[in-house]
Asks: 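Next up is a structure, given as structure tokens.
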Amino acid sequence: MKKGDMFESVVETIDFPNKGILHMDGERVIVKNAIPGQKVRFVVNKKRKGKCEARLLEVLEKSPLERTEGICPHFGICGGCLYQSLSYEEQLKIKKGQIKALLDEVCDSYEFEGIKASPISDGYRNKMEFSFGDEYKDGPLALGMHRRGSFYDIVNTPECQIVHEDFCKILTATLNYFTEKHISYHKKMQHTGYLRHLLVRRAVKTGEILVALVTSGQTENLGATEEYTTPVSEQELLAGWLSCMQALELEGTFAGILHIRNDSLADVVQSDETTILYGQDFFYEELLGLKFRITPFSFFQTNTLGAEVLYDKVREYVGETKDKLIYDLYSGTGTIAQMLAPVASKVVGVEIVEEAVEAAKKNAVDNHLDNCEFIAGDVLKVVDNLTKKPDILVLDPPRDGIHPKALTKIINFNVDEMVYVSCKPTSLMRDLLVFREAGYEVKRCCLVDMFPGTVHVETVVLLSQQKP
């Protein structure tokens, strides 16, 4: 077996996050995005140091585990939901086995509590960032998600099953409007064109919707082509899109309709300037009896009902908080901090995104919590100024985990127990090795499926200091 060879075989298992495993000629082969039981055709594209990796070319036969009905029409083309063709029970079984295998490599003995399902497995996402582009080079305007394995191609996703129907109506109406106006999308490499992203957020409990059209500042000759030579002004264009949005018949209601200008060279959704076309630039969501103000770029768990399951487990692991000092590091909009605050002496949240910190402060006021302090800054630097030893530490870092230097400072607080919430198990495993060297052991672990249909899962662990 050598690079460039093509083979056919049946996938045996799948390792986190998307590594289909099979054996050929006595060698272990990794084929990404392949599901156990599928017969696949693949080509070897990397072979070194006993590792063999291959690229999936075609699924020749479906897996016996795959459903025949209820599958998203975009499945297999869109780069999102790898597990969407499996029954939800099978998805949970796979995730549970994957994370348990990873934990067993770094932990000796601990209580593994299995996986908790999301209350709903379809239409659960409360936020989507759709991209403008084309489905093939020089094709018609598209709006949706990236094609699997492609940096450039965009797949129209008008029937996406992991969002509420309101998302699909907003996406379809927006695509139709700008297609009729002959507006170009922003090309990543040339940095030319107008349309970049469509950001949609929808509260599950209140039904409030925030939608933002993200464009470049390139407003010259909008809508002008070889056939249509009369350009339209940006003001007129946005007014037409606003009317298009307001005419939609939705189950929810618009809290705000925004225009965001972003001239960043990177393919990210961010704001250089935000204009409110209608309403306001925030809405409210409810979580475990508390109210949270959500802005366009606030961090908030994308599965509201799943977040209630997750945070309920965090509260269980934290235990008694009466009269205790709690540090919530990587606090986002302060959801965990405020759930722990009612009987604590004080909760201090640290978050690097200033907008999220401002939202957290407003949320605390709205929830009548006067014992919460939120600090804007990098955990690595802020912890140096947190001189009081906390009774409880809660860690909910971004996907890449905790910075190694910050990890050392966190360990130096020398708390008896801490709770670590992770959305990327491999980052968690790396950090757990450092905690183990410092005397901490995993006492309990539970998984919460916040992302049905996808390879992702949240992991909650309770760490206990074993050294005297």
Side-chain angles (χ1 to χ4, degrees), residues 67 69-85 88 118-135 139-148 153-181 183 185 195-215 240-260 269 277-279 283 285 294 296 300-306 450-454:
R67 297 181 290 172
E69 297 180 353
I71 302 173
C72 177
H74 314 303
F75 175 73
I77 305 170
C78 165
C81 307
L82 178 63
Y83 291 166
Q84 208 270 339
S85 64
Y88 191 43
S118 171
I120 56 174
S121 56
D122 289 328
Y124 63 86
R125 281 192 67 97
N126 57 36
K127 176 188 176 184
M128 288 293 276
E129 294 176 356
F130 299 112
S131 298
F132 286 97
D134 52 19
E135 292 196 288
L141 184 67
L143 177 59
M145 308 302 292
H146 282 268
R147 182 181 296 275
R148 180 167 292 165
D153 297 341
I154 300 299
V155 178
N156 284 319
T157 53
E159 298 177 66
C160 177
Q161 294 190 3
I162 62 173
V163 295
H164 189 278
E165 188 180 0
D166 285 351
F167 284 75
C168 300
K169 289 181 178 179
I170 291 169
L171 178 147
T172 300
T174 299
L175 176 60
N176 290 342
Y177 174 76
F178 287 110
T179 298
E180 290 172 3
K181 296 294 182 182
I183 306 302
Y185 70 90
L195 300 168
R196 299 194 68 159
H197 298 94
L198 180 71
L199 170 64
V200 186
R201 303 190 78 150
R202 185 185 189 279
V204 172
K205 301 292 184 67
T206 65
E208 291 185 314
I209 300 169
L210 197 64
V211 60
L213 179 71
V214 185
T215 74
W241 176 68
L242 173 62
S243 297
C244 176
M245 291 295 98
Q246 292 177 314
L248 289 174
E249 293 185 6
L250 305 174
E251 185 179 314
T253 56
F254 283 114
I257 301 175
L258 317 175
H259 171 234
I260 294 175
V269 180
L277 303 178
Y278 165 81
F283 65 92
E285 179 61 296
I294 311 296
F300 194 80
Q301 291 286 355
T302 55
N303 180 342
T304 303
L305 300 180
M450 299 279 286
F451 317 99
T454 78

Asks: Could you tell me the separation between the CD1 atom of Ile77 and the CG atom of Asn156, rounded to the nearest 0.5 Å?
Replies: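 If I round to the nearest 0.5 Å, the distance is 10.5 Å.
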Asks: Under the 3.5 angstrom rule, does the side chain of Arg67 hit a backbone N or O of Gln84 as a donor-acceptor pair?
Replies: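 Here the side-chain-to-backbone pair exists.
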Asks: Does Gly252 offer a backbone N or O that forms a donor-acceptor pair with the side chain of Asp166 under 3.5 Å?
Replies: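 Between the backbone of Gly252 and the side chain of Asp166 there is a qualifying donor-acceptor contact (under 3.5 Å).
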Asks: Determine whether a donor-acceptor pair (N or O, by modelled atom type, separation under 3.5 Å) exists between the side chain of Tyr88 and the backbone of Ser118.
Replies: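 Between the backbone of Ser118 and the side chain of Tyr88 there is a qualifying donor-acceptor contact (under 3.5 Å).
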Asks: Determine whether Val211 and Arg202 make a side-chain contact, defined as any pair of heavy atoms from C-beta on separated by less than 4.5 Å.
Replies: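 In short, these two side chains do not touch, never coming nearer than 4.5 Å.
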Asks: If every non-hydrogen atom of Ile209 is compared with every non-hydrogen atom of Val200, which pair is closest and at what distance?
Replies: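 Residues Ile209 and Val200, closest heavy atoms: CG2-CG1, 4.3 Å.
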Asks: Do Leu242 and His259 have side chains that approach each other closer than 4.5 Å (heavy atoms only, starting at C-beta)?
Replies: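 Leu242 does not reach His259 side chain to side chain.
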Asks: So, taking the atom named CG in Leu195 and the one named CH2 in Trp241, what distance separates them when rounded to the nearest 0.5 Å?
Replies: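 Those atoms lie 10.5 Å apart.
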Asks: Any side-chain heavy atom of Phe167 sitting closer than 4.5 Å to one from Thr157?
Replies: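 No, every pair of side-chain atoms sits at 4.5 Å or beyond.
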Asks: Short question: side chain of Glu285, backbone of Val204 - any donor-acceptor pair under 3.5 Å?
Replies: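 Such a contact is found between Glu285 side chain and Val204 backbone.
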Asks: Which heavy atom in Cys244 sits nearest to a heavy atom in Tyr177, and how many Å separate them?
Replies: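 Nearest heavy atoms, Cys244 then Tyr177: SG-CB, 4.2 Å.
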Asks: Would you say the side chain of Val269 lies within less than 4.5 Å of the side chain of Arg196, judging by non-hydrogen atoms?
Replies: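 The answer is no, as the side chains (C-beta and beyond) never meet within the 4.5 Å cut-off.
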Asks: Kindly indicate whether the side chain of Cys81, heavy atoms from C-beta on, has any atom under 4.5 Å from the side chain of His74.
Replies: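 The answer is no, as the side chains (C-beta and beyond) never meet within the 4.5 Å cut-off.
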Asks: Give the intermediate values and the outcome of side-chain contact (heavy atoms from CB on, under 4.5 Å) for residues Arg148 and Leu82.
Replies: CA-CA 10 Å; Arg148 180 167 292 165; Leu82 178 63; 3.9 Å; yes
Asks: First locate atom CG of Leu210, then atom CG of Leu199, and finally report the distance between them rounded to the nearest 0.5 Å.
Replies: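 The CG atom of Leu199 is 7.0 Å from CG of Leu210, to the nearest 0.5 Å.
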Asks: Does the side chain of Ile154 come within less than 4.5 Å of Phe132's, by heavy atoms?
Replies: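 The answer is no; the side chains never approach within 4.5 Å.
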Asks: What distance separates Cys160 SG from Arg125 CZ, expressed to the nearest 0.5 Å?
Replies: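 Result: 8.5 Å between the selected atoms.
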Asks: Could you tell me which non-hydrogen atom of Ala142 sits nearest to which non-hydrogen atom of Glu135, and how far apart they are?
Replies: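 Looking at all heavy atoms of both residues, the shortest contact is CB-CG, 3.9 Å.
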Asks: Locate the shortest heavy-atom distance separating Tyr124 from Pro452; write the atom from each residue and the value.
Replies: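 The pair with the smallest heavy-atom distance is OH-O, 2.7 Å.
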Asks: If you look at every heavy atom in Ala203 and Phe283, which pair is closest and at what distance?
Replies: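 Nearest heavy atoms, Ala203 then Phe283: CB-CE1, 3.4 Å.
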Asks: In the structure I gave you, are the side-chain heavy atoms of Leu141 and Ile183 within less than 4.5 Å of one another anywhere?
Replies: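 No, too far: nothing below the 4.5 Å cut-off.
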Asks: Measure the spacing between CG of Leu213 and CZ of Phe130 and express it to the nearest 0.5 Å.
Replies: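 Reported value, rounded in 0.5 Å steps: 13.0 Å.
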Asks: Can you confirm whether Gln246 is buried at CD, in the sense that more than 12 heavy atoms of other residues, nucleotides or ligands lie under 6.0 Å from that atom?
Replies: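 Correct, the count exceeds 12.
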Asks: Where is the tightest heavy-atom contact between Lys169 and Glu249, given as atom of each residue plus distance?
Replies: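 That would be NZ-O, 3.0 Å.
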Asks: Does the side-chain contact (heavy atoms from CB on, under 4.5 Å) test come out yes or no for Leu143 and Thr179, once each step is laid out?
Replies: CA-CA 10 Å; Leu143 177 59; Thr179 298; over 6 Å; no
Asks: Given 3.5 Å as the limit, does a donor-acceptor pair link the side chain of Arg201 with the main chain of Pro296, or not?
Replies: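 Yes; at least one donor-acceptor contact below 3.5 Å.
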Asks: Have a look at Asn126 and tell me which of Thr302, Asn303, Thr304 forms a side-chain hydrogen bond (donor to acceptor under 3.5 Å, both in side chains) with it.
Replies: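 So the option named by the test is Thr304.
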Asks: Using 0.5 Å steps for rounding, measure from the NZ atom of Lys181 to the CG atom of Asn176.
Replies: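 The distance works out to 13.0 Å.
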